[in-house]
Amino acid sequence: MRYYKLILYLIFFSFVFLLGIPHLYGDATIRAFDTPNDDGSSITVKWNYTGTGDTFELFRKTVSDTNWQKLKTLPLSKHSYVDDNTVRGVQYQYGIRIKTDTILSEMVISKPVSAKAQFFDTGKTLILVLILGYFAILIYFIGAAKKGKSLFIRKIAGLDALDEAVGRATEMGKPILFIPGISSMSDIATIAAVNILGPVAKKVAEYGTDLLVPNKDPIVASVTQEVVKESYLEAGRPDLFNPNKIWFVTDSQFAYAAAVQGIMVRERPATILLLGYFYAESLLLAETGNSTGAIQIAGTDAVDQLPFFITSCDYTIMGEELYAAGAYLSKEPTLLSSIKAQDYGKIAIFATLLLGLILGLLKSNWLINILTVR
Amino acid sequence: MNFWIRISDLDRRWIYLLMAVAIILPFFVNITIPIRISPPTQALYTYIDTLSPDSGPILISFDYDPSTQGELTPMAIALLRHAFSKNLHVITMSLYPTGIGIAENITSDIAKEYNKIEGRDYVVMPYAPGYQAVILSIGEDIKNTFATDYYGNRTDTLSCLNGVKNFEQIPIAISISGSSTPYAWITYGYTKYGEKIGVGTTAVSATSYYPYLRTKQVAGMLGGLKGAAEYETLIRKFYHTKGRSMATIGMNSQSMAHIIMIILIILGNISYFAIRKQNKRSA
Amino acid sequence: MKRRLPLIIVMLTGIGMIIQYFIPHPVSKAIYKQSIDWVIIISAFYLVLGVGGIFIINYQKIKRRKEGWWLSIITLSALIITALIGIFGGIDNKSVFMDIFMYIQLPMQAAMFSLLAFYIASAAFRSFRARTPEATVLLITATIVMLGRVPIGSLIYRGLPGITEWILSTVSLAAQRGILLGVGLGSIATSMKIILGIERSYLGGGE
Amino acid sequence: MSTNIWIWIAALLTLAIYSFLYKDNIVYKIAEYLLVGVSIGYSIAITWYNVVIAKMVVPIRDQHNFLIIIPILIGMFMFARFSKKHGWLSKIPISFVIGWGAGVAIPLQFETSIVEHVKNTIAIPWFGGNILLLVNAIIIFIGVIATLIYFYFSTPHKGVIGKVANLGIWYIMIAFGASFGYTVMARISLFIDRAQFLLHDWLGLIH
C-alpha cells in the first residue's frame, strides 16, 4: 500500500516539475554523464527536445562556480556533445537553452557530473574473449604435443625443395645466401625466418658450405648471428663459424638492396633463400638472384610481394605457410601445436561466416553489432 | 624455328633497352593518346572552375616528400596553373617539413609563368609542426597558425589574405599526398569545419579514397600520374595553358611501356607454344 | 636464473602490453607511451652494435688488403663524414647534411627503386607463360589490369578500367582477405607462443 | 644543362646505379659502397637527434624523468654478449623488445586482421536492392572461404576439401595477377620520374 502512495506522489511531483520548465518551444531534458570507456578526459552531454527553435546553446559551469560559461552553439539536429576539455574529478553542470533570433529559453540544467577514468574498456570485451579462447586452444594443443600425440600437418610445397637446394649448393661448393627479410625482430615473419635459419645453418655446417646472411635490421643481425653460431656448435663445427659472414649491412631499404644485389652477382651463391617480410625491394632481389641462375626459395606473409616472388623464384612459401615451415623444420612438437590451434581458429571463422550468412538472410544485424569493436 | 628459342631466351638486357626506349621516346616525339577524364578529376576541376577571384583563396597543401615527387608534383603544377589562369588567390603550405621546400619551389616557379606576386596573389606558408593541430588551428584563425609567411612577412599585412580568417573564407583545401594526410584533412577539416577537401594522391593509394568520394567527404580527387594528366588535359583545353605537361608526357611513356610489356608477354607465349610444338614433333 | 630470466621478462612485458590494451585509464596510456620510448631507446643500442660490426668487417678488409679493400674505405669514410656533418652541422632543411641526403643518398635510392621498371618487365616476360591453367589465369588478369590502368587501355576497350576495378574490389579482395585472416591467426599464435616461452628462437637457438 | 654541382653529382650517381643493368662494374660498386656508407651515416645522425637527444638527454636533463635510465641500462646489457661469463645478460634487451612486440600485436591483430575482415565479409547486402553489389559480396564470401581452406593444414588436399582449396588457388592466382598488373604502373612511373630528372633537370634536353 505504501508503494502505491509513493508512486502517486512521484507522478504528482514529476508533473509539477515538468510544469516548472517554461514551455517556450517545447519540452527539453538534459543528461550529462561520464563518457564510458575513456581515460577520464571527457563528459558526454545528451538532450532531448521536441519543439521549434533555431539553435541550441550549450553552457557549462563547475559546481562551485556561479557563472555559466557558453561552450558551443549547435544546430537543432544535434542531440549530443562530447566535452573533451574537462579536468578529471571536477564536478561540472551542463545547461542548454533553445534560441531563436528573438528569444532565448530558460536554461535546462543537468545534474552535477565528473569525468572518471575507467579500468576496463567494455567496448573491447569481444577481443578479450577471443584472446582467452585462442589461448585456451593453443595451450590444449601444446599439452597434447607434450604428451606425445602426433599432429598431422599437410605437405607444404617448397619445404622439400629446401633440403635439395641446400644440398645443391654443397655439391657445387658455392655459398648459400640467406635473407631474413627486411623487417624487425618483432615481426612474426622474421621469427619464422630465424626458425628456418637454424636447421639450414646446421646442415650447412655439416657439409662445410659457406653461409652468407646480410641483415637490414641490427637487432635481427645480432639474432641471426647467435642462431647460426649455435647451429654450428650443435653440428660440431664451431671452427667454421665466421661472424663476419652474418652481418648488419645498412638500415636503409634500397641501400640494402643495392648491396645484396652486389653480393648476388659477385659471390654467385648456388642457393638463395628469401624468407621473412619484404617490401618493394622483393623483386629487385629476386630478379637479380634469378639472373645469376641460383635456385631461389622465397617465403613471405607480405601479400603484396607474393606475386613477384612467384614470378621470379623457383619455390614460394605463401602467407602462413611460412610460420608452419619454421615449426615443421624445427621438428619441435610444441611449435607444431600452434598450427593446430590456427586450424581451429579457421574453423571458428568458418562457423562465424556461416552464422553471419544465415543471420543476414534473416535480416538480423546481431552478429555484425557484436563484431563492432568500439 | 631457332628464332623462337632465341626469343624465348632473350637476354634480359634487350628487354631493359626496349623499356628504356619506350619510356624515353615519348619525351621527344609528340604522340597524342586521347585521355578520358575520370569522374573524380572532373569533379575537382568543375569545383575549382566555378570559383571566382572573390571566392577567397584556395589552399594547396604539399603533403609529400621527394620520394613521391614524380607522381604528385605534376598535380600541384596543374592545380596552380588552373588557379592562376583564373586569377584565384592561392595559399600553399605543407604538413611535412620536407615538403615545404617543394611547395616554395613549385609555387614560385608557376607564379612566375603568370606574373603573380607573393603576398598579393599567393602566399607560401612556413612549416608548422603537427598535422592535427595545424588543420584545427587553420579552422580557427589562419593568421594565428602562420604569423609570418615562408619569407618572414607578417601574414596580417599581406593583401592576399585580406578578409581571410579561417576555412570559412577558403573555398577548398587540397591535400596532395602519398601518405595518410588527406585523412587528417577529412577528419579535422571536413568533419569539424565543413571545409571542402580535394585530394591528390599516388596511383597506389587512390582506391582507398573512393568511399570518401562516394559520401562526398572528398570533393574531387586526382589519382596518380593519370589523374594529373587528365587535369592537364582539361586546363589545356579550356585555358590553353602553356608550359610542360609533365604528366601527359609521362602518361604517353606509361602507355608505351605497358604496350611493350604486353607485346613481350605475347611474344613469350608464342615462342613457348612454338617450342612445345617443335619438341612434340621431334619426340 | 640465466635461462629463465629472459623468458620471464618476455612473459611479463607481453602480458603487460595485452592488459594495457583494455585499460583506457590515463595511467595505462602513459605507461604505453613511455614503453614505446623504451623500445626505441633499447633498439638504438643495437644500431651501435651493428655499426660496430660494420667497422670491424671493413677494417679487417682494409688491413688484410682483401679484394676490393679500397671500397671499404669509401663506405667507412662516407659513413663517418655523413654522421659527423649531421651531428655537428645540424640536420635542418638548409644544412649540408640535408644536401648530402637530397643529392647523394636520395637519387641513388630512387634510382635503385626505379630499376624495378625494368625488372618487372623482364619478370613478366620470362614467367608469364601459359604453362598451366593457373599460370594462364595469372597472366590474363595481369594483362587486363595493366591495360586497364593506362589511357590506351580504354581506347582498346571502353570497359577495361571498369573490369580492372571490379577484379580488384572482388576476387582480388577476397583472396587477400583469406590470406590475411590466415596470417593473422598464425601471427597471433606465434606471439602467444613467444609469451608462453615456447617460441624462443630469437634468443639464439637452443638454450 | 644544369650548372648546379649537386645536380651533377646526383645525375652521375643515378647513372652509376643504372650501369648495373648492363652488368656489374666498378662504377656501380663505388656507388653501392658509397650509398651504404652514407645511408648508415644518415641513420646515425638521425638517431643521434631523435633518440639520443630527444628521448634520452632531454627527458633526463630537462624533464627529470629518471625512469629513462632503465631502458638505457637494459640496452647496455647487450654489450654483455662479448663476455663469456655474463653473456646471458645480453638476452635481456631482446626479451624486452620481443615481449613488448608480441603483447602489443595480439589484441591489435585480432581487432584489425580478424574481426574487421570477418565483419566485412558477412555484411552482405541481401536486401539492398542492388543485384550487382549482392553478387560481388557473394563472390567475396566464397573467395574468403576457399582461400582460407587452402591454408588449412590439418587435412590433405583431397576430395571436397581439395576441390575447394583448388578454387582458393584460382582466387589467389587472380589476385596475384591483378596485384602484379596494378603495380606495373607505379614502377614505371618511378623510372619516368628519374628520366625526367636526367633529361630535364640535368641535361635540359626536354622542356
Side-chain angles (χ1 to χ4, degrees), chain B residues 11-30 66-74 105 178 201-207 211 214 223-229 242-262 264-265, chain D residues 2 4 6-7 10-11 13-15 17-25 28 35 39 42 45-46 49-50 54 112 116 120 123 125 128 130 132-133 136 175-207:
Chain B
D11 189 321
R12 58 188 85 213
R13 280 175 288 194
W14 287 111
I15 298 172
Y16 301 160
L17 185 67
L18 265 175
M19 287 300 283
V21 171
I23 293 172
I24 291 173
L25 201 64
F27 291 158
F28 298 100
V29 185
N30 212 356
S67 65
T68 39
Q69 243 189 97
E71 275 185 278
L72 299 177
T73 292
N105 268 338
T201 186
T202 53
V204 173
S205 321
T207 38
R214 226 170 284 143
L225 213 51
K226 195 178 170 195
K242 299 193 180 63
R244 244 157 66 80
S245 300
M246 286 167 81
T248 313
I249 300 170
M251 223 43 220
N252 288 342
S253 300
Q254 190 75 250
S255 282
M256 282 288 279
H258 285 216
I259 297 266
I260 293 289
M261 271 186 77
I262 284 162
L264 280 172
I265 292 171
Chain D
S2 173
N4 181 340
W6 282 116
I7 298 276
L13 289 173
T14 305
L15 292 179
I17 296 287
Y18 286 142
S19 72
F20 184 82
L21 286 173
Y22 182 66
K23 69 186 233 203
D24 185 32
N25 61 73
Y28 174 77
L35 176 55
S39 66
Y42 177 82
I46 294 292
Y49 287 102
N50 291 356
T112 54
E116 202 54 29
N120 289 335
N130 189 332
L132 191 72
L133 286 183
N136 286 350
F176 286 175
S179 138
F180 193 104
Y182 189 80
T183 317
V184 168
M185 184 177 193
R187 297 299 176 255
I188 287 173
S189 63
L190 294 169
F191 181 68
I192 294 177
D193 175 47
R194 290 294 87 198
Q196 292 199 341
F197 164 70
L198 291 175
L199 297 170
H200 178 76
D201 299 9
W202 179 43
L203 295 175
L205 286 177
I206 51 173
H207 301 282

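Source: prediction; values computed, not measured. Letters A, B, ... are given to chains in the order of the sequence lines, protein chains preceding strands, and every chain is numbered from 1.
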Novice: Check this for me: Trp6(D), atom CH2, are more than 12 non-hydrogen atoms of other residues, nucleotides or ligands nearer than 6.0 Å?
Specialist: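 Yes, because the 6.0 Å sphere around CH2 of Trp6(D) holds more than 12 heavy atoms from other groups.
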Novice: Does the side chain of Leu205(D) come within less than 4.5 Å of Phe27(B)'s, by heavy atoms?
Specialist: no
Novice: Can you tell me how far the CD1 atom of Ile249(B) sits from the CG atom of Leu199(D), to the nearest 0.5 Å?
Specialist: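 With rounding to 0.5 Å, CD1 (Ile249(B)) is 11.0 Å from CG (Leu199(D)).
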Novice: What's the separation between atom CE in Met19(B) and atom CZ in Arg187(D), rounded to the nearest 0.5 Å?
Specialist: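 Rounded to the nearest 0.5 Å, the CE-CZ separation comes out at 12.5 Å.
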Novice: Within this structure, what is the CG-CG distance for the pair Leu225(B) and Asp193(D), rounded to the nearest 0.5 Å?
Specialist: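 Between atom CG of Leu225(B) and atom CG of Asp193(D) there are 9.5 Å.
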Novice: Where on Met251(B) is there a heavy atom nearer than 4.5 Å to chain D: the side chain, the backbone, both, or neither?
Specialist: side chain
Novice: Can you name the nearest heavy-atom pair linking Gly250(B) to Ile192(D), along with the distance?
Specialist: O-CD1, 3.2 Å
Novice: Give the intermediate values and the outcome of side chain to side chain contact (heavy atoms under 4.5 Å, CB included) for residues Lys226(B) and Met185(D).
Specialist: CA-CA 10 Å; Lys226(B) 195 178 170 195; Met185(D) 184 177 193; 4.0 Å; yes
Novice: Please classify the contact of Gln254(B) with chain D as side chain, backbone, both or neither, using a heavy-atom distance under 4.5 Å.
Specialist: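 Both backbone and side chain of Gln254(B) come within 4.5 Å of chain D.
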Novice: With rounding to the nearest 0.5 angstrom, report the OH to CZ distance, Tyr16(B) to Phe191(D).
Specialist: 13.0 Å
Novice: What distance separates Met246(B) CE from His200(D) NE2, expressed to the nearest 0.5 Å?
Specialist: 7.0 Å
Novice: Are there more than 12 heavy atoms of other residues, nucleotides or ligands under 6.0 Å from atom OH of Tyr49(D)?
Specialist: yes
Novice: For Tyr182(D), is it the side chain, the backbone, both or neither that has a heavy atom under 4.5 Å from a heavy atom of chain B?
Specialist: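 Side chain only.
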Novice: Show the nearest heavy-atom pair for residues Leu21(D) and Arg13(B), with the distance to one decimal.
Specialist: O-CG, 3.3 Å
Novice: Ala186(D) versus chain B, heavy atoms under 4.5 Å apart: side chain, backbone, both or neither?
Specialist: side chain
